[in-house]
Each structure stands twice: as structure tokens, then as C-alpha cells.
Asks: 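The structure's right below; bear with me while I get my questions together.
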Amino acid sequence: MTSLRAPEVPAGVVRTRFCPSPTGMVHVGLMRTALFNWAHARHTGGQLVFRVEDTDASRDSEESYEHLLGSLRWLGIDWDEGPEVGGPNGPYRQSQRHDVYREVAAALLESGHAYESFSTNEEVDARRRAAGQDPKLGYDNADRFLTDAQKQAFRDEGRAPVLRLRMPDEDLVWTDLVRGEVRFAAGSVPDFVLVRGNGVPLYPFVNPVDDALMGITDVLRGEDLLPSTPRQLALYAALTEIGVANGTPRFGHLPYVMGEGTKKLSKRDPQANFDVYPERGFLPEGLTNYLALLGWSIAEDRDVFSPAEMVEAFDVTRVSANPARFDVKKAEAINATHLRDLPLPEFTSRVTPFLVGAGLVADPPTADQQAVLEAIAPLAQERMIVLSDAVGLLGFLFTDEVEIEPAAADKQLKAGAGAVLDAATAALTALGDWTTAAVETALKEALVEGLGLKPRNAFGPVRVAVSGRTVSPPLYESIELLGRERTLARLAAARRQAAD
RNA sequence: GCCCCCAUCGUCUAGCGGUCCAGGACGCCGCCCUUUCAAGGCGGUAGCACGGGUUCGAACCCCGUUGGGGGCACCA
């Protein structure tokens, strides 16, 4: 027997967990799972346990572990027990829990719930074929009742046994939090391996053991794990009988996050990599909102909400069971509305690191740069989708010379543009008072009235000359902020490039 | 092959037996506003996979079909 015991969890308290393996890239589907566990815990006033499943030394790395922590914190997910915060049920890294697994495995063997199995895969296959069965059926439970003499004979051959759990002879059923009742018929799941021949415990064993020992009440995970649930149910029953677990947790299997086509979003899909969102300047609250929409909805006629509102309303039971396609366009639209909702100072301070990163402003910005930034911020805010858009949109205000985008030149600096730029140059050169209003009046007089142009044709070339692009903040304000000298220099530079 | 999951506009979804000739959002299209592009406002486009039941009544319940996905390891 063992002294290992699950902690007492008061009735009604919800404890969820998030237990990734730190192997390389952080997948958006993984973060969606983390988010739902977090929301469920916070909504119910329960706890979220963070455990690291780093048992595969060849694939796990400290670097991706750190990276994962960073991604979680960036999204705004916090946990009550786990790495960095500790807790009474640690250690929270599986690589430090070998003794626990060894002890539980021994107790399971001793109690007869598990047994030693010596069959090789080849032998199992051969037996199934001999019986006219499909080898795909897997292990045939043949070693369940080996005698001590038989076991010894195998050992004498030099075989090291695996430890298998004896599956019960009854249907395995549970009420899934998102799918309702799910049933696997008795006998449809073979006795599975808990511990390898070399003594290394396997995922289907350590995962429920840790969940039990950490007092997890609600397991919310991807639907890819649904077929392994019957085995875990059997394991829980055994763990409960030997006094390690306090019963079986509730399970909820979250739908897949899909990529293009009909396939699950794979590591190869560029949008699967969580990093691209922070890098592009998605807002944590914007991405949280979008990720939440992948399988959940807050109300019939609403899909924009804050993380706090999500926590307030979240109900696992109302998570959809069907797979959701990750739609970058919609994610952008949701983010853009969060971006526009930001108070101006907040918006400005969030944009600044992106301008710094692009080398456009100093770190921290100079007083002049800060003044320009604050002046342009309200005008930029409503034409951006992600924070990094600021680099392209506002770059022209923070450089001496601007490079005109080829596409913009093709569009706006063709025939007729020369005359427009000449007229604009003349009007602005003569301008006394360099203010937005004066610039507006001067340009309208010179171009719309003077040249008889439609506004769209009149201001296109000027905009491209000044900003280098066809999309920019409002023109007159931009010109005022740019100042006379730089504006005239750019007009002249564009004039050299423009057709008459 | 066996087991399991899923099935409402192109996409994400609301709908949990009548209030649905199906609502919202993204996308797309058009109009308005307008100095460009956006944003905003207004309008439009488009869907209950199919077949049987159950019921006075079905997008909603049951069965089947079809389609899609996943699993069947001494990986996690």
C-alpha cells in the first residue's frame, strides 16, 4: 500500500488543471484549452492548477517551458498552484515525480488492479492472426492470469514485464461536460500499459495519478483525448479503491481548433503558432475574446467582451461540441474593436513598443516624438487592426525622408500628378500659418477650386508624397505634424518621381 | 476493419418541441458619410446534409444513411 493520498477537496469546489508538455511551439489550440480551464475555474470561484508534463527528455526543453509560461502570462492566465507559485500538492513538474509514480504503480500491482505482462507485440499479433482476428484489435489480455512459475520462466528468458491495468468487465460511461453521455462497451478497451518494461511510467498512467493527487475535479481537454477516457475511468476506479484518489473527476472534451480545409490546425499552419499574435500586436484581451469564441458564445446577439465578462458568463456546459475553424479575419475584426475601445493613453503606451522596435522612436521616446505620438494617436487608433500596424501607418512622421511604396506610386503618381504636386507645393510654400485648418483651406483652394479636381483625385498624390502610402492618418493633420520643411521636401521628392 | 465524436449561412455561432418563412458576428456586395483608406451608419447576400419515425406541431427528440474528424502504441 501507499501513503499517497489525494487532498480533500470540499464539496462544490472546482479544481481544473492545465498540463502541457513543453515541446517546441506553443499551439493556439493549447492556449484555447488553457483559457477555458482558467475561465471555468475563475467563474466557479475554484482553482486552476498548472502542471508541466515534461517526462519526455528528448522532446522537452527548458526553453519551450519558459516560452510557454510567457505565453500564458501574456494572455492573462494566472494559476493558483504550479510553477512559480508553488502549492501544497507539488512538485508540479512530472520530471520530479518519479517516486510518486513508482509507489503508485507498486500499490496497483500489489492490490491486483495491475499485473505484469510479458507478451511482445509480435506475439500478440501472431495470436490474433491465428485466431482469425484483426491484429488491430491490439493486446488480448493473455497475461492476466500467469502463474508465478510462468512469470519466472519469462524472467529467466531475460524478459522485463510491462505493467498493465486490468480493465473492468463492464461498460465505461461518463457524462461529458460538453457532450453529454458517452459510452464504451465492456471489453472494447484492452488492458493498457501503465509502466514500460524499463520502468518508465506512461502518460495514460501518470496523468490521472497526478490529477488525483492534485485534487482535480474537472478535466477540460481536447477531444483528441476522448478515446482515452474509458481507460482513465478504469484507472480512477482502481486508484480510488486503493485509497489514492477520491473518486473520478468530471470530464469535458473541447472541440478541435481547425485550420483550412477539414483538418485540425496543425503545427505547420502559420496561424497555429501562438507567437504570431503577440508579435503582430494583437491585444491580450482581443485574442482572449476571439479564442473564447472558438466553441463558446456569450449571448445570442453579442460577440465582443472583456476577459472579466467572459469569466462572469462562462459555462462549460454550454461549450459547443463541434470543431471550430480558426478564422484570422474574424480574429482581426474582434481585435480591432478592442483596440478602438482602448482609452487613448493606454492605446498610446501599447503602441509605443512597436514603434521603438521598428527603430522609429527612441526608447523612451523623446519629448518631441511623444508629442507627435499623442497628437496622432486618436487619428491612428481607428484605422488599425493590430498594434504593429502603427509602424506602417505612422512611420512617415518619425523619419526625415520617406520611401514611397511602389504600389502607391503606381496608383497615385501617374499622369496629372505632377500638376497636382506643383500646385500643392506652391500653395503650401505661400502658407503663413502652418495649422491643420490653414493647410486644409490652402489645399482645397489650390487643388479642388484651382485645378477643378475632384477631392479624391486632388489629395491622393499629396497623401502619397507625404506619407509614402495610399492609407494614412488624415492628411491635413499629418501635414501639420510633419512641419513645413519636411512636407515641402517630400512634395519635391515625389514631384521628381511623378508623371506630368 | 473495430470503437468514439461531430453535422444550422463561405466561416464562428444563437436556437435546448410552437414566439423561427431561423437571430447575431466575420467575410462579401451596395448605399450614406467623406480629403484617400479605414472607422461609423443603413441595407443586401447566404444556412437547418438526406431519409424515416415520435408528436396536434420538429432546426430542436429517436433510428438510419451520407459526409467529416479522431482513436485503436512499451508517444504525449
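Chain identifiers are assigned alphabetically (A, B, ...) following the order of the sequence lines, protein sequences preceding nucleic acid strands; residue numbering begins at 1 within each chain. Just so we're clear, the structure is a prediction, and the values are computed from it rather than from any experiment.
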Asks: Return yes if the base of U34(B) and the side-chain atoms of Arg456(A) contain a donor-acceptor N/O pair under 3.5 Å, otherwise no.
Replies: no

Asks: By the 4.0 Å heavy-atom rule, please label Tyr476(A) as base, sugar-phosphate, or nothing.
Replies: base

Asks: Could you give the distance from CG (Leu397(A)) to CG (Leu393(A)), rounded to the nearest 0.5 Å?
Replies: 8.5 Å

Asks: Whether Arg164(A) engages the ring of Tyr139(A) as a cation-pi pair (distance to the six-membered ring centre under 6.0 angstrom, angle to the ring normal within 45°) should be assessed.
Replies: yes

Asks: Quantified in whole Å, what is the C1' atom distance between nucleotide G47(B) and nucleotide C9(B)?
Replies: 4 Å

Asks: Expressed in whole Å, how much space separates the C1' atoms belonging to C50(B) and G71(B)?
Replies: 27 Å

Asks: Starting at the 5' end of RNA chain B and moving along, which residue's nearest nucleotide shows up first, Asp224(A) or Arg383(A)?
Replies: Arg383(A)

Asks: Any cation-pi pair here, Arg231(A) with Phe192(A), using under 6.0 Å and within 45°?
Replies: yes

Asks: Report yes if the distance between the aromatic ring centroids of Tyr476(A) and Trp434(A) is under 6.0 Å, otherwise no.
Replies: no

Asks: Please measure how far the C1' atom in A22(B) lies from the corresponding atom in A58(B), and state the result in whole Å.
Replies: 13 Å

Asks: May I ask you to verify whether the side chain of Arg318(A) and the base of U13(B) hold a donor-acceptor pair under 3.5 Å?
Replies: no

Asks: Please give the distance between the P atoms of C60(B) and C3(B) as a whole number of Å.
Replies: 26 Å

Asks: At under 4.0 Å, does any side-chain N or O of Thr470(A) touch on OP1 or OP2 of U36(B)?
Replies: no

Asks: Roughly how far apart, to the nearest Å, are C72(B) and C16(B) at atom P?
Replies: 37 Å

Asks: Do the side chains of Val182(A) and Trp174(A) get nearer than 4.5 Å, heavy atoms only?
Replies: yes

Asks: Determine, using ring centers only, whether Tyr277(A) and Phe326(A) are less than 6.0 Å apart.
Replies: yes

Asks: Using a 4.0 Å heavy-atom cut-off across all strands, classify Leu225(A) as base, sugar-phosphate, or nothing.
Replies: base

Asks: Validate the cation-pi geometry between Arg93(A) and Tyr65(A): distance from NZ or CZ to the six-membered ring centre under 6.0 Å, angle to the ring axis within 45°.
Replies: yes

Asks: Evaluate the side-chain proximity of Asn335(A) to Val386(A): yes if any heavy-atom separation is below 4.5 Å, no if none is.
Replies: yes

Asks: Under a 3.5 Å limit for both distances, which nucleotide forms a Watson-Crick or G-U wobble pair with A58(B), could you say?
Replies: none

Asks: If C50(B) has a Watson-Crick or G-U wobble mate with both distances under 3.5 Å, name it; if not, just say none.
Replies: G64(B)

Asks: What does Leu475(A) touch in the nucleic acid at a heavy-atom separation under 4.0 angstrom: a base, only the sugar-phosphate, or nothing?
Replies: base

Asks: Taking all heavy atoms of Pro208(A) and all of Tyr203(A), pick out the closest pair and write down the distance.
Replies: CD-O, 3.9 Å

Asks: Can you find a side chain N or O atom of Lys444(A) that sits less than 4.0 Å from OP1 or OP2 on U35(B)?
Replies: yes

Asks: At 4.0 Å (heavy atoms only), tell me whether Val193(A) reaches a base, stays on the sugar-phosphate, or touches nothing.
Replies: sugar-phosphate

Asks: Could you tell me whether Arg340(A) contacts a base, only the sugar-phosphate backbone, or nothing, with contacts defined as non-hydrogen atoms closer than 4.0 Å?
Replies: sugar-phosphate

Asks: Any chance you could list the contact pattern along nucleotides 1-7 of chain B? Use B for base contacts, S for sugar-phosphate-only contacts and - for none, protein heavy atoms under 4.0 Å, 5' to 3'.
Replies: B-SSSSS

Asks: Parallel, tilted or perpendicular: which fits the ring planes of Tyr101(A) and His98(A), with parallel below 30° and perpendicular above 60°?
Replies: perpendicular

Asks: Using the P atom in both, what is the distance from C48(B) to U8(B), to the nearest Å?
Replies: 11 Å

Asks: For C31(B) and A39(B), measure between their P atoms and round to the nearest Å.
Replies: 16 Å

Asks: Taking any strand in view, what nucleotide pairs with C72(B) in a Watson-Crick or G-U wobble way, both distances under 3.5 Å?
Replies: G1(B)

Asks: So which of residues 196-213 of chain A are in contact with RNA chain B, with a heavy-atom cut-off of under 4.0 Å?
Replies: Arg196(A), Gly197(A), Leu202(A), Tyr203(A)

Asks: Between Val471(A) and Tyr139(A), just flag the one whose closest nucleotide in RNA chain B comes earlier from the 5' side.
Replies: Val471(A)

